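The structure presented is a predicted model; accordingly, all values stated were derived computationally and were not measured. The analysis underlying the following values was restricted to heavy atoms, covering all of them including side chains, and did not include hydrogens, waters or symmetry mates. All chains are named by letter (A, B, ...) in the order of the sequence lines, taking the proteins before the strands, and each is independently numbered beginning at 1.
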Amino acid sequence: MGSIKVTLKDGVEKEYPEGITPQEILEDIGGRLKKEALAARINGKVIDLKAPLKENVQLSFVDFKDPEGEKIYRHSTSHVLAQAVQRLDREAKLGIGPAITDGFYYDFDLSESFSPEDLEKVEEEMNKIIKEDLPVQRKELSREEALDLFKKRGEDYKVELIEELPPGETISCYEQGEFVDLCAGPHVPSTGKIKSIKLLNLAGAYWRGEERNPMLQRIYGTSFPKKSHLEEYLQRLEEAKKRDHRKLGRELDLFSLHEEAPGFPFFHPPGMTIIEELLGFWREHHEKAGYQEIQTPIILNRKLWEQSGHWDHYKENMYFTSIDESDYAIKPMNCPGVMLVYNTKMHSYRDLPLRIAELGLVHRHELSGTLHGLMRVRCFTQDDAHIFMLPSQVKGEIKNILDLVDYFYKVFGFQYRVELSTRPEKAMGSEEMWNMATSALREVLEENSIEYKVNEGEGAFYGPKIDFILQDCLKREWQCGTIQLDFQMPEKFDLFYIGEDGQKHRPVMIHRVVYGAIERFFALLIEHYAGAFPLWLAPVQAVFLPIADRHLSYAREKAELLKEEGLRVEIDDRNEKVGYKIREAQVKKIPYMLVVGDKEMESDQVAVRKREEGDLGPQGLEEFLEQAKKERKPDINLP
RNA sequence: GCCGACGUAGCUCAAUGGCAGAGCAGCUGAUUUGUAAUCAGCAGGUUACCAGUUCGAGUCUGGUCGUCGGCUCCA
């Protein structure tokens, strides 16, 4: 047996006998890592601490602070969860149990369903397993051995997974005590490495996410190496829930939802003010970007939907009605209406690109279980636009939209993620068309060095798309902006333009939205700002707080001046103490409070109190107005 | 749509199978107030809805609707 050279992170080279494990090296070098290391990284690859080293390597250790370490830690916790569940119910069959953002889950198939009380018992059992500090052992097996092992254990789902592993793939499993799970690893060296665990919730989940498969029971949980970190995390969750747009929407009187209209939101005056500001901002920038606005009807004849392909591809999401004995549908998308507008006149190649925008109200029959406040509703306003262009203009137009979306999201301070979705199973058009369209999107993303994830088979039925994804207060992801390339619709509606050669040509079309759905974007904004909207969006921008009745007329006079400047101003003329009025204005998250009493009347000033900063002292009305006007610009915070 | 939980006053929440209650908000009155809640009084309910069990149901059972957490779907 020879020896190997191990280069540690700090550049130190050490010689060890071949077959030494990272664990043993830790024993040798000691220090903080000895306690905190969860796995090792050799030549960039993460492996078990117990994996023997066979050649010269660059070695570093992975702890919880390392994203890979966090993942391993949570993944190992999911194994402990599965072990606990099987201890409590021998019949429980294992699904899958991966680490996810901030935690993990494990899916189980069992005859009786879990109750929230069961979770406590499971948690108790998990703590026992942790206390037992069972060594976690990796084993590599042949396909036959693996099939045999999991068949014997009655793990039908694992057997299914093994059968689908590509030939030649190393099959490994991890054992801890009586428990064994099919798993690629790596894992922590023993269950005692895990410290603080918490099971969070229960849910049903289809096996492998497919509706025709049996529904398994999923347990979500999380774990941390320190109890205080777990507690902080739970605290953060509680804080995040306070930002929930459904809660703030009610408290701030922005909107409401009613049993009488599930999924169809009602907007109240303060909510409408915000929406109108969002739309005003949108119109301003779309006009600048060369868009023209139209409006098309909500109800359109069946024939149109047959022509567009929606009747075949989107029927289960549509609402229908009949008028004078003919069939009509409520529009789930705006495009077919736009097609009719395009075809009302001849177009020259000189007219292209033609950018036609529509703030279109669409209705879709979403499954009842998917409705979620304003985030997922059954009717929503898309800030839609359809761009008709020459094939040579496609990339330029997509680039323009990428820039527009980026500008909009930056104005609100949103971080976003980009996805490219490709051809779905149920698609119109030829493979070649799809490939061409998909690579066009891909190229623009790459040319503009935008990071993106590919979402295979998730495109629209008429073309591939680029999606822009935002997160809500609980880090749930919501698709907002989207750019969809469409070679189908122009074909279906026989769109053409007259080219330089005097002949008819087919234009290319893009569907795109920036906000996505106004409702969803609004909801995300509520959570993003925790209800404390910047001045330009705030339903009430400033409130006068007169100290006593004798200051009322002064407040009215000054308020009038601000209103003339277009500010949204109110006066709290109730017979209450200032402290009371301040509290109320603060709870309503009004950006500015203007306290007026004897002193202010005498000096012809207002005492300005800012929502975030508190008392700013007395100012002349002009000074305040100047500041307010600055803050009225949506992009005030942009460089 | 599927799995699970939940549904009491506008909101937040109480009430062993035995008279449906509190705080906040609302209304009325008093107080004229200086940087996050003045005091008093009044009113507020078909306990989501429909059946059933029971002498008696907010509470137990079944169904419907809705909401919440997921799955699936999607802006």
For [N] versus [M], give the span between their [atom1] atoms, rounded off to a whole number of Å.
N     : M     : atom1 : answer
B/A48 : B/G58 : C1'   : 12 Å
B/A14 : B/A22 : C1'   : 7 Å
B/A20 : B/C49 : P     : 16 Å
B/U61 : B/U54 : C1'   : 12 Å
B/A5  : B/A43 : P     : 41 Å
B/C42 : B/U47 : P     : 24 Å
B/C11 : B/C68 : P     : 14 Å
B/U67 : B/U53 : P     : 31 Å

Write down the distance between [atom1] ([X]) and [atom2] ([N]), rounded to a whole number of angstrom.
X      : N     : atom1 : atom2 : value
A/H245 : B/U67 : NE2   : C1'   : 13 Å
A/M375 : B/A75 : CE    : P     : 16 Å
A/K247 : B/U67 : NZ    : C1'   : 16 Å
A/L374 : B/U67 : CG    : C1'   : 14 Å
A/R376 : B/C71 : CZ    : C1'   : 12 Å
A/Y580 : B/G34 : OH    : P     : 16 Å
A/E259 : B/C50 : CD    : P     : 12 Å
A/E210 : B/C71 : CD    : C1'   : 12 Å

Side-chain N or O of [X] versus OP1/OP2 of [N]: is the shortest distance under 4.0 Å?
X      : N     : result
A/R476 : B/G69 : yes
A/H372 : B/G69 : yes
A/T370 : B/C74 : no
A/K465 : B/A75 : yes
A/Q382 : B/A75 : no
A/R246 : B/G69 : yes

Let's see if you can work this out: which of [options] has an atom nearest to the side-chain heavy atoms of [X]?
X      : options             : value
A/R550 : B/U32, B/A75, B/C71 : B/U32
A/R364 : B/U32, B/A36, B/C74 : B/C74
A/L367 : B/U67, B/A75, B/U72 : B/U72
A/R574 : B/G26, B/C74, B/G34 : B/G26
A/R609 : B/G34, B/A75, B/U35 : B/U35
A/E366 : B/G1, B/C73, B/G34  : B/C73
A/R583 : B/A36, B/U67, B/G69 : B/A36
A/S113 : B/A75, B/C2, B/G4   : B/G4
A/Y220 : B/A75, B/G70, B/G1  : B/G70

Please work out if [X] contacts a base, only the sugar-phosphate, or nothing of the nucleic acid, heavy-atom cut-off 4.0 Å.
X      : value
A/G369 : base
A/G579 : sugar-phosphate
A/I518 : nothing
A/A585 : nothing
A/E458 : sugar-phosphate

Taking atom types as modelled and ignoring hydrogens, do the side chains of [X] and [Y] form a donor-acceptor contact shorter than 3.5 angstrom?
X      : Y      : answer
A/E631 : A/Q627 : yes
A/Q86  : A/E155 : yes
A/E91  : A/S111 : no

Side-chain donor/acceptor of A/E570 to backbone N/O of A/V543, under 3.5 Å: no

Please answer whether the main-chain N or O of A/P546 pairs with a side-chain N or O of A/K581 as donor and acceptor at a distance below 3.5 Å. yes

Identified pairing partner of [N], criterion: Watson-Crick or G-U wobble below 3.5 Å:
N     : value
B/A22 : B/U12
B/G69 : B/C3
B/U54 : none
B/G34 : none
B/A43 : none
B/U64 : B/A48

Aro-ring/base stack A/F114-B/G4, d under 5.5 Å, angle under 30°: no

Check the angle between the aromatic planes of [X] and [Y] and answer parallel, tilted or perpendicular using the 30° and 60° thresholds.
X      : Y      : value
A/F414 : A/F412 : tilted
A/F255 : A/F522 : perpendicular
A/F408 : A/H286 : perpendicular
A/W305 : A/H310 : perpendicular
A/W478 : A/H372 : tilted

When you measure only distances, ignoring hydrogens and angles, does the side chain of [X] come within 3.5 Å of the base of [N] through a donor and an acceptor?
X      : N     : result
A/E600 : B/G34 : yes
A/R250 : B/C11 : no
A/Y206 : B/G70 : no

Reading RNA chain B from 5' onward, which residue's closest nucleotide shows up sooner: A/Y515 or A/L257? A/L257

